[in-house]
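The structure under discussion appears below in the form of structure tokens.
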Amino acid sequence: MMKDETIENHDSSTEKRTSGLAALIQSVPRILVPLFALFFLSFALLYASSAMIEFITPILSDGDLTSGLVKGLHMGVVALAVYELAQVVHQEYDTSGKASDAIRRIRRGVTRFASIVFVALVLESLIMVIKYSQQDLAGFLYYPVAIIASASFLLMSLGVFIKLSSSVTLEDASSTTTDG
């Protein structure tokens with residue numbers, strides 16, 4: 001009889017520890033996700049203000065509008081990518097979304113973030129081509145070519161990801177309609 005009570009007490013204490021761990025795991029994202037989103041958002045704002053400084057400084061010091069545009073555009077694209085990352089983090093871990101919609105949200109977030117990264121990579125390579133052509137450094141043009149090739153590979157990889165995840169989404173939708 002004593003052994004049965006001990007086993008029951010052991011089972012209930014294990015259950016309490018498990019429920020405490022589950023509560024901790026569920027409460028941590030409520031704190032950390034907004035902090036990460038705020039962290040990335042603050043960096044996006046810092047990059048945006050830096051983009052304005054990078055745009056204005058060459059114009060005021062040298063009167064060079066082209067250099068100001070190139071530097072400001074470069075920092076602006078980085079600011080946009082970091083802002084998009086903050087938005088994806090916030091939306092991905094939003095607890096109000098449905099669990100069945102997770103794949104769709106991931107696809108949308110990855111696609112949006114990747115498109116910003118593609119734009120940043122292509123703009124960076126174009127900026128490098130302009131710089132190298134102005135400074136007669138044609139021997140360094142393989143760097144922007146490598147960046148464009150990398151962006152092309154990433155774009156093809158995104159297409160494969162979308163294709164494969166769309167088949168999972170279609171299977172999930174068909175199982176939902178047959179269950180309901």
Side-chain angles (χ1 to χ4, degrees), residues 25-26 28-30 32-52 54-55 66-67 69-134 137-180:
I25 289 173
Q26 290 175 352
V28 167
R30 282 186 238 143
L32 288 182
V33 169
L35 286 177
F36 278 124
L38 183 63
F39 175 76
F40 288 126
L41 181 62
S42 63
F43 270 104
L45 293 174
L46 286 173
Y47 275 122
S49 60
S50 177
M52 293 302 292
E54 290 288 328
F55 171 69
T66 306
S67 177
L69 285 173
V70 168
K71 289 180 180 180
L73 183 65
H74 172 71
M75 291 299 290
V77 170
V78 172
L80 184 61
V82 174
Y83 173 75
E84 189 65 33
L85 181 61
Q87 196 172 24
V88 166
V89 166
H90 176 69
Q91 288 175 353
E92 176 59 31
Y93 294 101
D94 184 20
T95 57
S96 65
K98 299 177 184 174
S100 64
D101 217 17
I103 294 175
R104 215 171 265 131
R105 287 186 299 134
I106 290 170
R107 276 184 46 210
R108 185 180 64 233
V110 167
T111 303
R112 285 177 26 200
F113 181 71
S115 64
I116 298 297
V117 170
F118 298 141
V119 168
L121 286 172
V122 171
L123 282 175
E124 181 66 25
S125 65
L126 291 175
I127 289 168
M128 289 174 76
V129 166
I130 292 169
K131 278 184 182 179
Y132 293 155
S133 66
Q134 287 178 346
L137 298 172
F140 292 106
L141 286 177
Y142 56 88
Y143 290 123
V145 169
I147 292 173
I148 289 175
S150 299
S152 301
F153 177 73
L154 288 173
L155 186 61
M156 289 184 288
S157 300
L158 178 65
V160 170
F161 169 75
I162 290 173
K163 176 67 176 165
L164 293 176
S165 64
S166 68
S167 64
V168 171
T169 306
L170 291 174
E171 289 172 8
D172 187 36
S174 66
S175 69
T176 304
T177 56
T178 58
D179 291 344

Item checked: Test side-chain contact (heavy atoms from CB on, under 4.5 Å) applied to F113 and Q87, step by step -> CA-CA 9 Å; F113 181 71; Q87 196 172 24; over 6 Å; no

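Atom-to-atom distance recorded for L155:CG and I148:CD1 is 12.5 Å, nearest 0.5 angstrom. With rounding to the nearest 0.5 angstrom, the CD1 atom of I147 is 4.5 Å from the CE atom of M128. Atom-to-atom distance recorded for L45:CG and S50:OG is 12.5 Å, nearest 0.5 angstrom. The distance from the CG atom of L69 to the CD1 atom of I130 is 10.0 Å, given to the nearest 0.5 Å. Atom CZ of residue F153 and atom CG of residue L158 lie 12.0 Å apart, to the nearest 0.5 angstrom. Here the CG atom belonging to L123 is positioned 5.0 Å from the CG atom belonging to L73, to the nearest 0.5 angstrom.
Around the OH atom of Y142, the shell of radius 6.0 Å holds more than 12 heavy atoms that belong to other residues, nucleotides or ligands.
Scanning all heavy atoms of the two residues, the minimum distance from A51 to G76 falls at CB-N, 3.6 Å. Of all the heavy atoms in V77 and I116, the pair that sits closest is O-CG2, 4.3 Å. Listed here is the closest heavy atom pair of A48 and A79: N-CB, 3.5 Å. Here the closest heavy-atom approach between residue A86 and residue L41 is recorded as CB-N, 3.6 Å.
Taking F118 as the reference, nothing meets the ring-ring contact (aromatic ring centres under 6.0 Å, His included) condition, with sequence neighbours excluded. Scored by the salt bridge (charged side-chain N to carboxylate O under 4.0 Å, His left out) test, E84 finds R112 as partners (sequence neighbours excluded). Annotation: ring-ring contact (aromatic ring centres under 6.0 Å, His included) contacts of Y132 (sequence neighbours excluded): F140. With sequence neighbours excluded, no residue satisfies ring-ring contact (aromatic ring centres under 6.0 Å, His included) with Y143.
Taking 4.5 Å as the limit, every side-chain heavy atom of M75 sits out of range of all side-chain heavy atoms of F55. Counting heavy atoms from C-beta on, the side chains of L121 and L154 come closer than 4.5 Å.
Side chain of S165 to backbone of F161: a donor-acceptor contact under 3.5 angstrom is found.
Sequence neighbours left out, not one pair with a member in residues 142-158 passes salt bridge (charged side-chain N to carboxylate O under 4.0 Å, His left out). The side-chain hydrogen bond (donor to acceptor under 3.5 Å, both in side chains) analysis of residues 116-127, with sequence neighbours excluded, yields the pairs H74-E124.
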